[in-house]
Amino acid sequence: MATGKSTVGRSIAEQCGRAYVDIDTEIERSAGRTVAELFAERGEAAFRALERAELHRVLDAGGPVVVSLGGGALVDRGARLSALERGVVVTLEATPDEIVRRACDTASRPLLQGADARTRVDELLRLRKLAYTESHARIPTTGRSPDDVARDVIAVWRRDPIAVAAGADSYVVEVGADIAAERLPSLLSGASLGLLVTDRTVRGLHGDGIENGMEQAGVRTATVVLDPGEEHKNIASLERIWSAALVASADRKSLFVALGGGVVSDVAGFAAATWMRGVPWLCLPTTLLSMVDASVGGKTAIDLKTAKNAVGAFWQPSSVLCDVRHLSTEPSRGYVSGLAEVVKTALIGDADLLGFIEAHAAALLAKDAAVVTEVVKRCVRVKARVVSLDPREENIRAWLNLGHTVGHALEAYGGYGKLRHGEAISLGLVAALRIGERLGITEQVLSERCILLLRVLGLPVDLHSQPLARAVDLIGHDKKRGGTRLKFIAARAAGRVDIVDLDIQELREHVLALAG
Ligand SMILES: NC(=O)c1ccc[n+]([C@@H]2O[C@H](COP(=O)([O-])OP(=O)(O)OC[C@H]3O[C@@H](n4cnc5c(N)ncnc54)[C@H](O)[C@@H]3O)[C@@H](O)[C@H]2O)c1
Ligand SMILES: [Zn+2]
């Protein structure tokens with residue numbers, strides 16, 4: 001509201017050589033009425049419906065355009081999530097006093113009419129706070145020229161971030177080659193301390209670049225180096241981080257920086273969740289699995305003896321940087337294992353991604369930076385969409401368990417070490433596809449297509465070589481079980497899954513039938 005969105009929008013469009021669309025102007029043109037008249041004659045709800053329809057029309061027309069939207073346009077969460085997924089949404093902010101000063105022409109601003117303008121502005125900002133927070137960036141405009149603001153918006157647009165809408169804890173994920181060192185200084189600015197948490201292997205390979213980037217931010221830094229491996233995702237590692245934080249006098253303005261695979265991000269994220277009852281943390285995933293899965297959604301945890309992820313918290317990172325260049329050193333078995341989660345993600349929510357992987361399998365296996373960037377971005381987008389709709393794993397977040405029911409059983413039977421997680425998930429996907437066929441949900445052609453793709457990517461797909469008959473008793477033996485039934489995820493089509501409430505015994509019989 002009165003933050004200069006039209007002037008800034010026009011300037012961005014001009015500088016980037018893109019078309020500019022002002023939604024209010026478009027509505028006024030097609031309705032033959034001013035916004036104020038539409039509000040007066042039809043009311044706010046009707047105006048919002050026109051606004052949503054117009055926005056969809058513009059987005060459907062394709063091609064990057066610069067769109068300016070009124071402050072109330074994305075208050076509806078459905079409209080907001082759709083805009084966040086299809087575009088880069090930037091909130092231009094100004095102080096209430098500045099808004100009142102700029103909005104002196106209240107005749108054309110129906111929402112400011114009537115009551116005292118300052119009170120009304122305060123009330124609108126309070127009501128819309130959440131909507132403004134769930135955006136790709138919030139840019140201050142008070143005391144700044146439109147060109148200055150436009151420059152900031154263009155910089156955000158160029159980074160093409162992915163938003164994870166999580167209310168006040170919303171954040172963005174940036175994906176690209178060589179982005180970590182470049183972005184660190186601004187992400188650390190304002191922190192009283194940057195506490196780097198990494199493991200020995202990753203530190204040796206990538207620690208210097210990250211420590212240099214952190215030093216350039218001009219903040220005090222400290223580093224804690226953990227022993228690598230799942231067996232160190234435990235209370236001892238957590239305690240080492242707490243102790244390092246204590247020695248470095250970390251306060252509530254400290255920023256924890258997790259550099260490593262899913263083990264480091266799970267334990268460092270949990271340390272951040274618990275240090276002084278919660279400090280912000282930045283996630284720099286260095287394995288494919290941690291980029292496409294562990295870094296998004298705010299689940300943090302440690303293992304307790306044999307109970308995986310037994311103790312943890314939901315604690316969203318303040319930012320995620322997926323620097324695909326870090327993957328160049330990831331050992332091949334781990335990287336390929338991560339590709340199983342990529343195929344799973346495509347099956348859950350992105351049919352085009354499945355085709356993209358098929359078309360670029362060789363480049364993906366060769367870790368071609370452009371192809372990996374596209375794949376990671378698409379996976380993050382799917383996971384962001386799922387967790388934005390179900391942050392606490394109450395309903396559709398169960399989709400992410402596709403392939404995991406049988407996969408976990410095989411992984412646990414091997415004693416968490418024989419099969420890599422992704423290898424077990426590859427086999428679990430094969431089982432889920434075949435069981436989906438038996439349930440009349442999955443078409444055989446889809447199963448064949450996915451199994452071929454998993455095979456091409458170098459993942460195991462032969463269920464007959466696995467101890468299915470012996471692992472079957474472990475199905476449902478995890479914390480997600482509720483009584484004698486479980487939620488089985490079946491593939492309805494490429495990019496679409498169903499949640500099927502199944503009796504565990506019935507599921508075991510299906511698995512035994514697959515074992516032959
Ligand atoms: N929080 C979540 O939502 C979530 C989701 C999925 C998995 N996870 C967790 O993630 C963990 C598995 O993650 P992971 O597969 O990344 O394992 P990991 O963190 O153990 O990393 C695997 C190994 O690769 C090394 N490594 C990491 N990055 C490297 C690089 N760039 N170059 C060379 N070596 C590198 C590590 O030192 C380690 O030895 C599990 O504990 C799992 O529970 C969490
Ligand atoms: Zn998994």
Side-chain angles (χ1 to χ4, degrees), residues 164 180 197-207 209-210 225-234 237 258-270 273 281 283-303 307-317 320 322-345 348 367 372 379-380 383-384 386-387 391 393 397 399-408 410-412 416-417 419-429 432 478 480 489:
V164 184
V197 182
T198 183
D199 73 26
R200 204 169 44 247
T201 308
V202 176
R203 190 200 194 180
L205 294 164
H206 306 288
I210 298 304
V225 183
L226 307 176
D227 295 323
E230 182 75 32
E231 65 276 26
H232 296 288
K233 194 171 121 176
N234 58 14
S237 294
L259 173 72
V263 165
V264 167
S265 57
D266 273 12
V267 66
F270 189 42
W281 68 292
C283 186
L284 303 180
T286 61
T287 64
L288 183 61
L289 176 82
S290 57
M291 290 189 188
V292 300
D293 197 351
S295 66
V296 183
K299 279 211 227 169
T300 69
I302 56 166
D303 304 334
K308 239 179 97 65
N309 301 323
V311 186
F314 281 102
W315 191 248
Q316 306 291 346
V320 181
C322 297
D323 192 330
V324 300
R325 206 65 87 184
H326 287 153
L327 299 177
S328 62
T329 57
E330 183 180 13
S332 158
R333 191 173 169 196
Y335 178 81
V336 169
S337 167
L339 290 172
E341 300 282 3
V342 170
V343 174
K344 175 202 84 173
T345 308
I348 290 171
K367 301 181 182 173
V372 178
C379 288
V380 169
K383 189 156 184 199
V386 173
V387 304
E393 207 167 75
R397 201 155 164 172
W399 292 351
L400 301 170
N401 288 336
L402 176 67
H404 281 59
T405 309
V406 176
H408 273 153
L410 286 171
E411 193 181 12
Y416 290 117
L419 282 176
R420 292 293 179 88
H421 176 70
E423 293 163 354
I425 294 318
S426 175
L427 293 156
L429 284 172
D478 68 1
K480 287 166 192 105
I489 312 301

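Start at 1 and go down the list; that is how both ligands and their atoms are numbered.
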Which parts of the protein, at residue level, reach under 4.0 Å of ligand 1 through a heavy atom?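 Only D199, T201, V202, L205, H206, P228, E230, K233, G261, G262, V263, D266, T286, T287, L289, D293, A294, K299, K308, N309, H326, T329, E330, P331, K383 have heavy atoms that fall under 4.0 Å of ligand 1, ordered by chain and number.
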Dump the intermediate steps for salt bridge (charged side-chain N to carboxylate O under 4.0 Å, His left out) on E330 and K367, then the final yes or no. CA-CA 10 Å; E330 183 180 13; K367 301 181 182 173; 5.7 Å; no
At a cut-off of 2.8 Å, what protein N/O/S atoms sit near the Zn ion (ligand 2)?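 Checking every protein N, O and S atom gives E341 OE2, H404 NE2, H421 NE2.
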Side chain of S290, backbone of P285: donor and acceptor closer than 3.5 Å?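 It does not hold such a pair.
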Qualifying residues under ring pair (Phe, Tyr, Trp, His ring centres under 6.0 Å), relative to H206, sequence neighbours excluded: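 Partners of H206 by the ring pair (Phe, Tyr, Trp, His ring centres under 6.0 Å) criterion, ordered by chain and then number, come out as H326.
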Residue pair L288 / L339, side-chain heavy-atom distance below 4.5 Å: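 SC-SC contact between L288 and L339 confirmed.
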Nearest 0.5 Å, what's the OG-CE distance between S295 and M291? 8.0 Å
Can you sort out the partners of D266 under salt bridge (Lys or Arg N to Asp or Glu O under 4.0 Å), two or more places apart, ordered by chain and number?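 Partners of D266 by the salt bridge (Lys or Arg N to Asp or Glu O under 4.0 Å) criterion, ordered by chain and then number, come out as K233.
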Shortest non-hydrogen contact from L259 to T198?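 Scanning both residues, the minimum pair turns out to be O-OG1, 2.8 Å.
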Residue pair A294 / G262: nearest heavy atoms and the distance that separates them: CB-CA, 4.1 Å
List the steps, then state whether salt bridge (charged side-chain N to carboxylate O under 4.0 Å, His left out) holds for E230 with K308. CA-CA 9 Å; E230 182 75 32; K308 239 179 97 65; 3.2 Å; yes
